[in-house]
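Here's the structure we're looking at; comments come further down.
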Amino acid sequence: MEFHKLPPVKDQIMKCVRCGKCRSVCPVFAEIRNETAAPRGHVFMVQMLRDGKVEPNNDVNERLSNCLMCENCSVNCPSGIDIHELNAAARSYIYDKNPSLSKELIFDSLWTRPGLLKASSKFMWGAQKSGLQSLARHLGLTSILPGDLSKAEKILASVPRQSARSFLPEYNPARGEKKYRIAYFLGCGTDLLNPQVARATVDVLTHYGCEVIIPRDMKCCGLPHIANGKMDTARKLAVHNIKIFNNGDYDYIVTDCASCSSALSSKNMEFLLGGLKIEDEAIAFSQKVMDLTQFLMEKLELKLPGKEVDDRIKVTYHDPCHLANAQGIKKAPRELLKQIPEVEYIEMGEANRCCGGSGTYSLTHYDLSMRILDKKMDSAMETAAAVIATCCPSCMMQLRHGVQRHKWNATVMHPVELLSQSLKQTPAKK
């Protein structure tokens, strides 16, 4: 669909009354304090782009890309404007007018092919294990990387040797009486950077009577592509995944990644595919998609048996933007953590404040991302927790970098990892 005819661009821009509410909740504006970085400034910029008052060039794109896509402005907008959708639509429009070979290679040639992603991950592991990455830093070779990558490459501190897909079978039978047949949407971040989370997810679901299928042909959810102006590629990925998952007879499609469940949600499917022939199939698909913690608490009605624990571990929780803002899921992960006998849950201040990661944002806007991260780390460290739990691979990567950056003796984990560890110590009653 043409940029000017997209529903957010066509119908929502004029709703903005310039009240400034969005400025008070925007983590980027809090650091820059410039109207061009405020969400309402982005709305005005998209309006001028639509009306032909500014050219769709890279200067405009640079201003619009100074946004985390955290959706905090959208959920707090009194006029109900989906500001993140306006921004994404504008980025895509500008990219179409200014294509980039590097983005084509990354988001079309690499990020649409799981095999190539896995090979790239393997290469990075080899570079770290052999000391090549450290040597390159020592010799100053990383300084030749484009943009902020010379600083941001250190965020990928420890790439695992194996991806989750390399050791998890496609079919995982339920233990005990089967309750549900589940398709597990194994996202790129969990698969390549957090395979231990995938193992814990399968362990927990099968433990509670779920038959878990991991379709081998699934691809990226498409959220990184939307954020980087590649909406056409995101549509193709969505269509591919819809076909793959709709061909199976599943009760639910579960994912442990907040970004994936957001990208696969009904709202995002409508944004990407609304008005196209596949819209009905997309709705049928998205209605089955659930966040893992929500599925555990609402569908499985998880209740862990009580037990005496001498020394509980202090755990705090960070709300991923794509879970709390995009989907309104805040209660389920906290309820899950509070049920784990070994956990002493401590709520951090401003738990719903963005950590500054936002997928590729920390790689392209490293310095600003770190300023936002430092505020998050201040809140987390005040809890004196030993574990920061969160439900997003991007947040996990960012928070691990924050722990290292602040020399804090803490671990970053997904709630399902803590649950899996607890179940192995004391199996749940049937």
Side-chain angles (χ1 to χ4, degrees), residues 20-34 36-42 63-77 81-88 91 148 152 155 189 223-224 226-228 257-263 265 268 291 316-330 333-334 347-383 385 388-403 405-406 412 414:
K21 171 70 173 177
C22 55
R23 301 193 340 161
S24 68
V25 298
C26 176
V28 174
F29 180 77
E31 300 301 327
I32 296 179
R33 309 302 298 180
N34 188 303
T36 61
R40 71 177 182 183
H42 290 170
R63 292 177 183 272
L64 293 174
S65 67
N66 210 1
C67 166
L68 289 155
M69 295 290 201
C70 67
E71 302 191 31
N72 211 18
C73 55
S74 296
V75 297
N76 284 283
C77 177
I81 304 173
D82 293 315
I83 303 171
H84 64 288
E85 290 186 359
L86 282 175
N87 198 316
R91 292 185 195 185
D148 283 355
I155 295 177
L223 201 63
I226 294 173
N228 286 276
C257 171
S259 295
C260 289
S261 55
S262 172
S265 67
N268 195 58
D291 165 69
T316 191
Y317 178 74
H318 159 69
D319 282 295
C321 298
H322 287 132
L323 199 63
N325 294 335
Q327 301 173 77
I329 300 174
K330 299 179 183 179
R334 287 173 170 81
E347 182 78 8
M348 77 166 77
E350 294 189 289
N352 192 26
R353 184 183 182 89
C354 184
C355 67
S358 190
T360 57
Y361 187 88
S362 59
L363 303 179
T364 57
H365 297 74
Y366 180 79
D367 290 333
L368 180 55
S369 173
M370 291 303 103
R371 285 158 61 185
I372 296 169
L373 173 62
D374 287 343
K375 288 186 176 178
K376 170 59 66 173
M377 296 310 299
D378 287 343
S379 297
M381 289 189 292
E382 284 176 3
T383 68
I388 309 174
T390 192
C391 301
C392 173
S394 173
C395 293
M396 291 177 75
M397 181 171 67
Q398 180 83 338
L399 292 171
R400 282 179 185 137
H401 186 55
V403 166
R405 178 180 169 89
H406 288 265
V412 180
H414 193 290

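Starting from 1, each residue takes its place in the sequence as its number.
With sequence neighbours excluded, the residues that form a side-chain contact (heavy atoms from CB on, under 4.5 Å) with A380 are M348, I388, W408. Considering only residues two or more places apart in sequence or on other chains, D319 meets the salt bridge (Lys or Arg N to Asp or Glu O under 4.0 Å) condition with R334. Evaluation of the salt bridge (Lys or Arg N to Asp or Glu O under 4.0 Å) rule for D378 yields no partner, not counting sequence neighbours. By the salt bridge (Lys or Arg N to Asp or Glu O under 4.0 Å) test, R400 is found to be paired with no residue, residues two or more places apart in sequence or in another chain being considered. Looking at residues two or more places apart in sequence or on another chain, you find a ring pair (Phe, Tyr, Trp, His ring centres under 6.0 Å) between Y361 and H365. For C257, the side-chain contact (heavy atoms from CB on, under 4.5 Å) test picks out T190, T255, S259, C260, P393, with sequence neighbours left out.
Between K376 and E350 there is no salt bridge, since no side-chain nitrogen of the basic residue lies less than 4.0 Å from a carboxylate oxygen of the acidic one.
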Q.
Quick one, N66 with H42, criterion side-chain hydrogen bond (donor to acceptor under 3.5 Å, both in side chains). Give me CA distance, side-chain angles, the key distance, then yes/no.
A. CA-CA 9 Å; N66 210 1; H42 290 170; over 6 Å; no

Q) Stepwise, does the side-chain hydrogen bond (donor to acceptor under 3.5 Å, both in side chains) test hold for S261 with Q327? A) CA-CA 8 Å; S261 55; Q327 301 173 77; 2.8 Å; yes

Q. Please walk me through it: do D374 and H406 pass side chain to side chain contact (heavy atoms under 4.5 Å, CB included)?
A. CA-CA 8 Å; D374 287 343; H406 288 265; 2.9 Å; yes

Q: Apply side chain to side chain contact (heavy atoms under 4.5 Å, CB included) to the pair M397 and C392, showing each step before the final yes or no.
A: CA-CA 9 Å; M397 181 171 67; C392 173; over 6 Å; no

Q. Does the pair S262 and L323 meet the rule for a side chain to side chain contact (heavy atoms under 4.5 Å, CB included), with working shown?
A. CA-CA 7 Å; S262 172; L323 199 63; over 6 Å; no

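For the residue pair S369/Q398, the side-chain donor-acceptor check at 3.5 Å is satisfied. Between the side chains of T360 and N228, at least one donor N or O sits under 3.5 Å from an acceptor N or O.
In terms of heavy atoms, P333 sits closest to Y317 at CG-OH, 3.3 Å. The shortest non-hydrogen separation linking G359 to S362 is O-OG, 3.8 Å. In this structure, I32 and A37 approach most closely via the heavy-atom pair CD1-CB, 3.9 Å. When all heavy atoms of A263 and N268 are compared, the pair lying nearest together is O-ND2, 2.9 Å. Of all heavy-atom pairs spanning N325 and C70, the tightest one is ND2-O, 2.9 Å. The heavy-atom pair separating G357 from S394 by the smallest distance is C-OG, 3.9 Å.
Summarising the geometry, atom SG belonging to C354 is positioned 8.5 Å from atom NE2 belonging to H322; distances are rounded to the nearest 0.5 Å. Taken to the nearest 0.5 Å, the SG atom of C77 stands 12.0 Å off from the CG atom of N72. With values rounded to the nearest 0.5 angstrom, H318 atom NE2 is found 8.5 Å from N352 atom CG. Summarising the geometry, atom CE belonging to M69 is positioned 8.5 Å from atom CD belonging to E71; distances are rounded to the nearest 0.5 Å. The CD1 atom of I81 sits 13.0 Å away from atom CG of N76, with the distance rounded to the nearest 0.5 Å. Between C26 atom SG and E31 atom CD the span is 10.0 Å, to the nearest 0.5 Å.
Using a distance-only test at 3.5 Å, with no hydrogens or angles considered, a donor-acceptor pair links the side chain of S358 to the main chain of L68. No donor-acceptor pair under 3.5 Å is formed between the side chain of T383 and the backbone N or O of T316. Within the 3.5 Å criterion, the main-chain N or O of T36 finds a donor-acceptor partner in the side chain of N34.
A 4.5 Å side-chain heavy-atom check between S379 and R353 finds every atom pair outside the cut-off. Counting heavy atoms from C-beta outward, R91 and C67 have side chains that approach closer than 4.5 Å. Using a 4.5 Å heavy-atom threshold, the side chains of K21 and S24 count as touching.
In the displayed structure, K375 atom NZ is contacted under 6.0 Å by more than 12 heavy atoms of other residues, nucleotides or ligands. Dense packing is recorded around CZ of R23, with more than 12 heavy atoms of other residues, nucleotides or ligands lying under 6.0 Å away.
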